[in-house]
Structures are given as structure tokens and as C-alpha cells.
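Below is one structure; the comments refer to it alone.
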2 protein chains.
Amino acid sequence: MAATMQDVARLAGVSAKTVSNVVNSHPHVAEATRLKVQAAIDKLGYELNVTARNLRKGRTGLIGLALPELKLPYFAELADSVMVEAEKAGLGVLIEQTNSDRDREIGVLHGQLRLMTDGLIFSPLALGMDDIHMFKVDFPLVLLGERVFGSANDHITMSNVEAAKAATLHLIAAGCRRIALIGAHPGEVVGSAALREQGYRAALQEAGLPVDEQLVRPSEYWHRGTGAAATDELIESGVEFDALFALNDALAMGAMHSLHAHRIDVPGDVSVFGFDDIEDAAYTRPTLSSVSPGRDQIAREAVQILEARVAEAHAPFDQRQPVHRIYADFELVPRESSRRPQVIDGAAGAKTSPAKLAH
Amino acid sequence: MAATMQDVARLAGVSAKTVSNVVNSHPHVAEATRLKVQAAIDKLGYELNVTARNLRKGRTGLIGLALPELKLPYFAELADSVMVEAEKAGLGVLIEQTNSDRDREIGVLHGQLRLMTDGLIFSPLALGMDDIHMFKVDFPLVLLGERVFGSANDHITMSNVEAAKAATLHLIAAGCRRIALIGAHPGEVVGSAALREQGYRAALQEAGLPVDEQLVRPSEYWHRGTGAAATDELIESGVEFDALFALNDALAMGAMHSLHAHRIDVPGDVSVFGFDDIEDAAYTRPTLSSVSPGRDQIAREAVQILEARVAEAHAPFDQRQPVHRIYADFELVPRESSRRPQVIDGAAGAKTSPAKLAH
DNA sequence: CATGCCATATACATCGTTGAAAGGGTAGAC
DNA sequence: GTCTACCCTTTCAACGATGTATATGGCATG
């Protein structure tokens with residue numbers, strides 16, 4: 001059986017509380033006592049029982065992170081960033097995958113695991129504006145993404161409209177005139193798809209270009225396979241286009257796959273722009289232009305806000321911070337896939353000095 | 001303040017233990033009582049305090065998963081599989097990233113987070129045979145990977161030698177005669193690199209082909225960037241080769257990037273075979289042949305063994321299971337990158353019916 | 001010399017739950 | 001009518017740590 005503080009105390013000839021004081025580097029502990037206790041700890045191989053401490057303190061030192069799927073590179077990278085930030089704050093991260101499933105997303109808010117955490121960072125993909133009441137919970141909750149607006153939760157998102165507009169304008173500046181959109185969610189009002197499409201339309205309008213609805217291609221899921229399928233359909237429909245703006249990088253990668261299979265050259269015949277700037281983007285062929293969404297900033301703010309909420313959970317209501325609503329900065333990262341045809345030089349391109357387009 | 005069992009008990013007019021019995025679906029609870037208690041629970045919005053239960057039960061219901069980096073697709077997919085398995089067993093997963101850093105890997109075995117878990121699944125990349133004593137710990141620990149053999153821990157790995165041999169033989173069967181190896185770790189005796197290289201050499205020998213040491217290219221890290229760099233060097237060295245066997249898919253993707261930049265056609269001029277069969281492999285251009293390492297099986301066995309160890313932790317020593325040493329099955333997944341030149345048809349290839357080469 | 005302060009250490013209750021053991025009641029067996 | 005058996009429920013004492021209040025002794029202050 002593992003040793004307890006009592007065991008250590010007995011061996012060191014002090015009280016359990018003194019052992020506790022040593023372990024927690026309490027200020028007023030005599031050096032001699034500290035050494036005695038430390039010796040006893042080492043001898044017994046004592047390890048603090050964190051569960052007992054948690055019970056006493058009413059906190060677990062863990063935060064939850066609920067996201068659709070770790071396999072999706074964007075979320076793997078987000079999880080990475082969140083874990084790095086959490087570690088700085090001395091917190092552990094309990095990850096839950098929702099698979100974008102409605103029931104699982106609800107489960108995240110009420111399940112067993114939730115009870116083991118002090119708070120939750122949640123990136124919903126299935127729950128939306130209609131479910132806003134579900135986010136009224138009595139534990140610290142920070143929402144990420146674009147599914148929900150106007151709830152009473154802290155919320156971190158990015159400037160989707162502006163970012164999509166900037167990406168589209170970049171394609172226009174490169175000479176593209178018939179820019180297809182891959183990954184639309186028709187009928188959606190909020191959500192990444194709707195907002196990015198909005199930015200796309202705004203850019204066309206600003207440039208005085210018409211929107212051809214045939215170029216707006218829906219795709220419910222944003223995976224490589226669906227991106228390839230949507231592009232196949234677009235090509236087979238016979239509609240002309242000279243650029244593709246994919247609403248995320250996975251779609252873009254699938255699209256490039258499809259273009260290649262149809263012997264359409266990127267960027268010679270068609271330029272491609274993605275969204276998320278996942279690490280893969282620098283290694284596709286050709287390298288993929290994309291929008292970098294400020295992942296680190298999102299993770300940092302999310303953890304910091306959550307931490308502050310956990311800390312104030314036991315404070316009087318009137319001392320609490322107002323609800324945060326944060327828009328993370330973005331950057332355009334142009335790479336080979338969106339070069340003007342005449343500028344192609346075939347060189348392998350890593351991230352080129354990105355146009356900083358701070359919000 | 002959150003309600004406790006006492007509060008519920010008072011409201012329902014029963015004892016706290018009865019509330020506990022209801023919450024835990026204890027067999028002998030009168031239906032009337034159950035309803036009374038349930039009503040009180042609903043009315044108060046009572047939620048079980050998991051920490052208190054954990055303290056009482058001496059278990060946390062969490063397992064640790066220590067891996068190098070979630071951003072590496074292989075580990076993201078592994079984490080996914082582990083979480084799915086853990087959920088089936090009613091366990092949560094606390095992920096820690098080591099970044100292949102020695103101190104961090106040691107920290108994983110002794111840090112704060114470890115104390116919050118019932119056991120650990122650990123895939124070390126920095127610690128090796130010299131550190132075998134470190135794995136002698138008094139909590140359930142399942143090791144993954146090829147860094148350590150012969151320790152007294154449960155250990156799950158794959159048949160690296162056989163898998164690498166099969167992949168190399170596949171290239172040979174496709175007509176390749178000068179097969180370069182990317183990602184070697186010279187001097188290493190165990191570890192994925194050493195074992196896979198061993199399989200590579202075995203295949204060449206079996207086919208009666210000589211090993212040209214100039215074709216064995218080292219690369220300490222197995223990332224896309226290093227794969228590209230190693231391939232650049234290989235090309236610039238002027239050594240002839242007609243195939244590349246990359247020791248993981250990231251290296252392979254980097255290699256294909258480099259080959260493309262040098263206008264070398266895959267598989268026309270050079271065939272490429274990777275290792276790990278990450279999801280990306282089906283979407284590279286050309287699609288990447290790879291070895292599928294039985295990730296799901298690894299995850300399943302790891303969680304099941306760990307769970308069994310946790311369960312028997314309080315059992316007498318003589319009733320414990322012997323140490324497990326499991327070799328997961330693998331499969332070859334040939335795709336476009338290793339087709340014989342004359343067989344190329346340019347079609348987009350998803351996972352083609354893979355040659356099952358069970359171990 | 002009395003007073004108060006500070007550093008140090010302790011005793012005790014407590015966080016919220018559950019296992020063990022025991023109590024009360026009803027029903028069927030003899 | 002008593003006994004046994006079983007169902008349902010309760011009481012009590014943990015699990016292992018820490019906050020609060022308190023005790024002790026030394027030292028400085030007035």
C-alpha cells in the first residue's frame with residue numbers, strides 16, 4: 001500500500017499537517033523539520049494523493065477539451081496548443097471527441113468526465129443557435145468556433161468574414177475571375193461555412209464581380225474525401241472556373257487531388273486557397289495557400305479565461321469579469337497553389353513571408 | 001454551492017447511503033424510494049462529486065497516455081483509437097505530450113498528472129534500453145513502441161522487422177533494384193529505425209541484392225522536413241536509386257516533395273513506400289503506399305491490459321497475470337507511389353484491397 | 001517585567017462519498 | 001408460533017489531505 005502523510009509524519013516524528021506544510025512549501029517550516037520530513041518522504045517513497053487534495057480543495061486541476069476529432073489536423077494542432085498553455089498554468093487536459101455528433105456534444109456538457117474537470121473548452125460542431133440554452137451551465141465554459149453567438153458564455157472565435165474576404169481578394173488580385181467555393185452549408189446563418197461564404201461574397205462584390213451560384217458548391221463534411229467529391233462534381237458539371245476557395249485545408253487537399261486526377265494544373269489552370277493553415281499545407285503538391293487562424297492565440301486566451309473563471313467560481317457574483325468575446329487575428333499565407341500562372345517557378349515553397357493582415 | 005448527497009437525502013427523507021445506492025443502481029432499492037430520491041436529485045440538480053468517490057474507491061477512472069506529439073498524424077490517430085477504447089471501458093484519457101524530450105519523458109513517469117491516473121500507456125521516444133530501470137514503477141504501465149525490450153512491463157509493439165521486410169520485398173517485386181532507405185538511426189540497436197532497417201536488409205539479402213551503404217540515409221527526426229532534406233542530399237550525392245523506403249509516412253511525404261522539386265517522377269522514375277498508413281497517405285499525390293501497423297489493435301490491447309492491471313492492483317501478487325508482450329498485426333497497403341511504371345493508370349487510388357500479411 | 005508579536009507546530013474537523021455491518025420488517029417454512 | 005431468509009435501509013467509520021483555531025516558546029518592545 002502506498003504511504004500516506006500519516007505514515008510519513010509518524011516516521012519523521014511530526015504531525016501530518018507539518019508534512020502537508022512541507023509538501024506545499026508552506027513559508028513557516030523550520031529547516032531542520034523540513035529535512036527530517038523530506039528524509040521520511042524519500043525513505044517511504046511517499047507520493048501525495050492528489051484525489052484527496054482535490055476533494056479538500058474543491059478543484060481537480062483538470063480542464064476538459066471537447067472537440068470533434070483529433071484526427072483532423074486542425075484540431076490536433078489546436079489540442080497541442082491548448083495543452084501547452086494548460087501546462088503553463090499547471091493544468092491537465094482531458095480530451096473528449098464528439099465526432100460532431102449531437103448526442104455526444106450534449107454528453108460532453110453533462111457526462112461523467114465533465115465532473116472530473118474544473119471547466120471546459122468546447123468547440124461544438126453539431127449544436128448550434130437553437131441549442132443555446134444548453135450552454136447555460138453552472139461550470140466554467142469557454143466556447144470556440146462559429147456555431148453559437150450571443151450566448152452568455154465566454155467565446156473565442158476568429159474573424160471569419162474578414163479572413164475569407166482577404167483570401168478571396170488575394171485570388172482576385174492574382175487574376176482569377178471565376179472563383180468556386182467548396183464546402184458551403186446552404187441555409188446556415190452562423191457557423192464557419194456561412195461566415196466564410198459571406199466573406200467570399202463580400203470580396204466578389206467589392207471587386208465588382210458577379211456571384212455565379214453554380215460556383216458555390218456545398219459539402220456538409222469538411223474532409224479530403226468530400227472535397228474531392230465536390231470538385232469532381234464541379235468539373236463534371238462543366239461550369240468554368242479558374243480558382244477554388246476551399247473552406248478548410250482538408251477540402252482543399254481533396255480538391256487538389258481531384259484536379260490532378262482530371263489533369264487540371266494547379267496553379268497553372270486553377271488556383272487554390274485553403275483555410276486553417278495546417279502543417280500539411282506546406283507539404284502538399286503544390287504547396288497550399290491558406291489562412292492561418294491564430295490557433296496559438298485562441299488556445300492561450302481560452303485557457304487563460306477558463307482559468308480566471310475557475311478561480312472566481314467561489315467569488316461573489318459582483319466581482320466577476322464580464323463575458324469575453326474575442327476575435328483572434330489571422331494571417332494570409334500564400335504559397336504555390338495560388339501563384340499567378342506567369343509567376344510559377346516550380347520551386348518548393350515553405351511558408352513565405354505572409355502578408356500580415358491583423359484584424 | 002452544489003448540492004451533496006446529504007442535501008438530497010434530507011429532501012427525500014432518506015439516508016445519504018440510500019441516495020448513493022440509487023445513484024449507483026444498487027440492486028436492492030425499493031421502487032418507491034428510488035422515485036423519491038430521483039425526484040429530489042432532479043429538484044436540486046444534484047451531481048455526484050466524482051472526486052469524493054474516487055478518494056473512497058482509490059481509483060480515478062482516468063488513464064494517462066504519453067506520446068511525443070499530437071500533431072504527428074500517427075499519434076493523433078493512435079490517441080483517437082485509445083480514447084475510443086477507453087470510453088468503452090468507461091475510462092477517461094489524460095494526454096501528455098513529451099515532444100520526444102528526455103526530461104519530459106521522465107516527468108511523465110513522476111509528475112503531477114501521473115498521480116491523477118490509475119495507469120499509464122506510454123510511447124517513449126527518448127528513453128531507451130539504458131533507462132530500463134526507470135520503467136520499474138509501482139503503478140500499472142503499458143509500454144508501446146520499439147524503444148525498450150526486456151523490461152518487466154507489459155509491452156505492445158508491431159512486427160517491425162517483418163513489416164519492413166514485406167514492404168521492401170514489395171518494391172523488389174515491382175522491379176526496383178536500388179532501394180534507398182530514408183530515416184535510419186545508425187548505431188541504434190533497438191528502436192523502430194533499427195528494426196525496420198533490419199527488415200530492409202533481410203529483404204535485400206533474401207532477394208540476392210547487395211546493400212549499398214550509400215543508399216542508407218540517416219535522419220534523426222521523422223518529419224516531413226527532414227525527409228525532404230535527406231532526399232535532397234541523396235539526390236545531390238549523385239547515387240542512383242529507383243525506389244525509396246521511408247521509415248514513416250511523414251518522411252515519405254517529405255521525400256515525395258523533394259523528388260517533385262527535382263522533377264523526378266513517382267512512381268515513373270522512383271517508387272516510394274512509407275510506414276504507418278496515416279490517413280494522409282491516401283491523399284498525397286501520388287497516393288502513398290504504406291504499411292498499416294494495426295493501430296486499433298494496439299490501442300485495444302493497451303487499454304484492456306491496462307484496465308486488467310488496474311483491477312488487479314489490489315489483488316494478491318500470486319494471482320496476477322504474467323507480463324504481456326504483444327506483436328500487433330500489420331498489412332501492406334500498396335497505392336500509386338509504388339506501382340510499376342508500366343502499370344500506372346493515373347486513377348485516384350484509395351486504399352486498394354490490401355495484401356493481408358498477418359503475422 | 002508585562003505585553004504582544006512572530007515563527008513554528010499541533011489537534012481537530014471537514015471535504016462528499018461508499019464499504020461493512022447491523023437493524024427492522026415481512027414472508028414463507030416448519 | 002417461532003425460525004429463518006431475504007429485502008430494504010440505516011449507522012458508522014473510513015478514504016487522505018488541508019483550513020482553522022490553538023498552543024508553545026522565543027524575542028523584542030514599552
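Since we're looking at a predicted model, the values are computed, not measured. To find a chain, count down the sequence lines: A is the first, B the second, and so on, and within it residues start at 1. Excluded from the calculations below are hydrogen atoms, water molecules and symmetry mates; all remaining heavy atoms, backbone and side chain alike, are included.
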In this structure, how many angstroms lie between the C1' atom of dT26(C) and the NE2 atom of H28(B), rounded? 15 Å
Identify the two heavy atoms, one from L127(B) and one from R102(B), that lie closest to each other, and give their separation to 0.1 Å. CD2-NH1, 3.6 Å
To the nearest angstrom, how far is H26(A) atom NE2 from dG19(D) atom P? 9 Å
N/O donor-acceptor pair under 3.5 Å between R147(A) side chain and A126(A) backbone: yes
Please report the distance, rounded to the nearest Å, between CD in E31(A) and P in dA7(C). 16 Å
Taking all atoms of both residues into account, what is the closest heavy-atom pair of M83(A) and L70(B), and its distance? SD-CD1, 4.0 Å
Would you call R53(B) and N24(B) a side-chain contact if the rule is heavy atoms closer than 4.5 Å? yes
V323(A) to N153(A) - nearest heavy-atom pair and separation: CG1-O, 3.1 Å
Rounded to whole Å, please give me the gap between CG in L115(B) and P in dG16(D). 14 Å
Atom CG of N24(B) to atom P of dT9(D): distance rounded to whole Å? 15 Å
Tell me which residues in residues 32-55 of chain B put a heavy atom below 4.0 Å from DNA chain D, sorted by number, or none. T33(B), L55(B)
Heavy-atom nearest pair, Q297(A) first then D329(A), reads OE1-N, 2.9 Å
Assign V29(B) to base, sugar-phosphate, or nothing according to its heavy-atom contacts below 4.0 angstrom with the strands shown. sugar-phosphate
Strictly distance-based, threshold 3.5 Å: is any side-chain N or O of N99(A) a donor or acceptor partner for the main-chain N or O of D101(A)? no
What is the distance from NZ of K57(B) to C1' of dC15(D), rounded to the nearest Å? 13 Å
Under 3.5 Å, which N/O atoms of the protein pair with N/O atoms of nucleotides 10-12 of chain C?
from: dT10(C); atom 1: OP2; to: S15(A); atom 2: N; distance (Å): 2.9
from: dT10(C); atom 1: OP2; to: S15(A); atom 2: OG; distance (Å): 3.1
from: dT10(C); atom 1: OP2; to: T18(A); atom 2: OG1; distance (Å): 2.5

Which of dA7(C), dT18(C), dA9(C) is nearest the side chain of M5(B)? It is dT18(C)
Taking side chain as C-beta onward, heavy atoms only, is L125(B) less than 4.5 Å from T98(B)? no
Rounding to 10 degrees, work out the angle separating the end axes of the helix from dC1(C)-dG30(D) to dC30(C)-dG1(D) (five pairs an end). 50°
From CZ of R59(A) over to P of dT18(D), roughly how many Å is that when rounded to an integer? 14 Å
Polar side-chain contact R56(B)-dT17(C) base: donor and acceptor under 3.5 Å: no
Looking at Q6(A) and A16(A), would you say the former's side chain and the latter's main chain have a donor-acceptor pair under 3.5 Å? no
Charged N to carboxylate O under 4.0 angstrom, R104(A) versus E87(B)? yes
Can you tell if the side chain of F122(A) reaches within under 4.5 Å of the side chain of L109(A), non-hydrogen atoms only? yes
